[in-house]
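Taking it in order: structure first as structure tokens, then the write-up.
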Amino acid sequence: MESAPDIAPGILLARGVCRMLAQHGFASLTEFTTRDALRMDVCALGPKGEVWCIEVKSSRSDFMSDRKWEGYLDWCDRFFFAVPENFPDELLPGEYGLIRADGYGAEILRWGLEAKLAGARRKTMTLQFARNAAQRMSSLTDPRPRGTFTA
């Protein structure tokens with residue numbers, strides 16, 4: 001992985017994941033907040049409306065100190081861990097997807113179980129995703145807040 005002192009390893013991994021997702025026709029957002037106020041590292045919306053959550057883990061200690069990812073399972077059709085080349089994969093639960101990533105790209109090594117979202121939950125996630133993306137785009141041209149930012 002590239003070494004840039006001013007860019008955290010997790011951000012570099014997320015960038016590589018987002019590049020790979022785009023190649024598969026997915027739109028992605030980093031630091032996406034669900035209605036339960038959980039912040040996904042990467043949320044992706046696929047060409048058929050599928051919702052994927054990718055939890056980025058840059059090291060063993062990062063994985064061992066954070067179990068918030070379990071709360072994301074109710075908000076996606078597929079869940080993946082994205083980790084760097086030197087990550088001890090045996091730490092990760094085998095029923096979820098595995099992505100090997102670096103700052104330039106990523107590859108899906110294992111497909112996890114698919115758990116289709118209910119229609120109402122899918123609609124909620126799709127609307128949140130669209131609003132969040134639109135608000136982020138708007139802030140690029142007008143950084144002044146225009147009301148409460150909600151995901």
Side-chain angles (χ1 to χ4, degrees), residues 1-4 6-137 139 149-151:
M1 186 166 33
E2 66 186 20
S3 60
D6 56 339
I7 301 176
I11 292 173
L12 290 173
L13 293 172
R15 181 178 74 187
V17 167
C18 291
R19 287 178 177 180
M20 181 268 302
L21 290 166
Q23 292 172 343
H24 289 282
F26 281 74
S28 59
L29 291 172
T30 58
E31 302 296 322
F32 178 81
T33 305
T34 68
R35 286 185 60 187
D36 286 351
L38 296 170
R39 191 174 59 226
M40 294 178 179
D41 291 330
V42 180
C43 182
L45 186 61
K48 297 178 182 174
E50 58 267 52
V51 178
W52 289 2
C53 173
I54 298 90
E55 176 72 357
V56 174
K57 293 297 174 197
S58 59
S59 66
R60 176 189 191 96
S61 61
D62 183 15
F63 177 75
M64 299 304 280
S65 66
D66 177 10
R67 299 295 291 194
K68 293 185 306 261
W69 61 267
E70 293 169 330
Y72 306 147
L73 300 174
D74 292 336
W75 295 97
C76 60
D77 296 307
R78 284 195 191 271
F79 180 85
F80 295 86
F81 287 102
V83 297
E85 185 67 38
N86 61 348
F87 190 91
D89 297 345
E90 63 277 4
L91 291 178
L92 303 172
E95 64 267 27
Y96 305 115
L98 175 61
I99 297 172
R100 183 77 66 222
D102 62 24
Y104 299 100
E107 178 183 5
I108 297 173
L109 299 181
R110 179 177 69 223
W111 291 87
L113 302 174
E114 184 176 41
K116 292 279 190 184
L117 289 173
R121 175 74 44 111
R122 182 175 311 286
K123 179 180 178 184
T124 296
M125 285 297 287
T126 302
L127 288 173
Q128 275 184 263
F129 192 95
R131 288 182 47 78
N132 191 296
Q135 289 169 333
R136 290 183 189 193
M137 289 299 296
S139 71
F149 178 82
T150 57

For Ala106, check side-chain contact (heavy atoms from CB on, under 4.5 Å) against everything at least two apart and list the hits.
-> Val17, Met20, Ile99, Ala101
Apply side-chain contact (heavy atoms from CB on, under 4.5 Å) to Leu113 and list each qualifying residue two or more places apart in sequence or on a separate chain.
-> Glu95
Which residues share a side-chain hydrogen bond (donor to acceptor under 3.5 Å, both in side chains) with Thr126, sequence neighbours left out = none
Please collect all salt bridge (Lys or Arg N to Asp or Glu O under 4.0 Å) contacts where either partner lies in residues 115-124, sequence neighbours excluded, each pair once.
-> Asp77-Arg122, Glu114-Lys116
Mutual orientation of the aromatic rings belonging to Phe63 and Trp69 [parallel < 30°, tilted 30-60°, perpendicular > 60°] = parallel
With sequence neighbours excluded, residues passing side-chain contact (heavy atoms from CB on, under 4.5 Å) with Cys43 = Phe32, Met40, Val51, Met125, Phe129
Check side-chain hydrogen bond (donor to acceptor under 3.5 Å, both in side chains) between Trp75 and all other residues, then give those that pass, not counting sequence neighbours.
-> Asp36
Applied to residues 17-28, the side chain to side chain donor-acceptor pair (under 3.5 Å) test, sequence neighbours excluded, yields none
Results of side-chain hydrogen bond (donor to acceptor under 3.5 Å, both in side chains) for Asp89 - residues two or more places apart only | Arg100
Report the residues that fulfil salt bridge (Lys or Arg N to Asp or Glu O under 4.0 Å) with Arg39, sequence neighbours left out, ordered by chain and then residue number.
-> Glu31
Residue list, side-chain contact (heavy atoms from CB on, under 4.5 Å) with Asn86, at least two apart or on another chain | Pro84
For Glu107, what residues pass the salt bridge (Lys or Arg N to Asp or Glu O under 4.0 Å) criterion, not counting sequence neighbours?
-> none
Tyr72 vs Phe79 aromatic rings, parallel, tilted or perpendicular, using cut-offs 30° and 60°?
-> tilted
Salt bridge (Lys or Arg N to Asp or Glu O under 4.0 Å): pairs with one or both residues in residues 42-55, sequence neighbours excluded | Glu55-Lys57
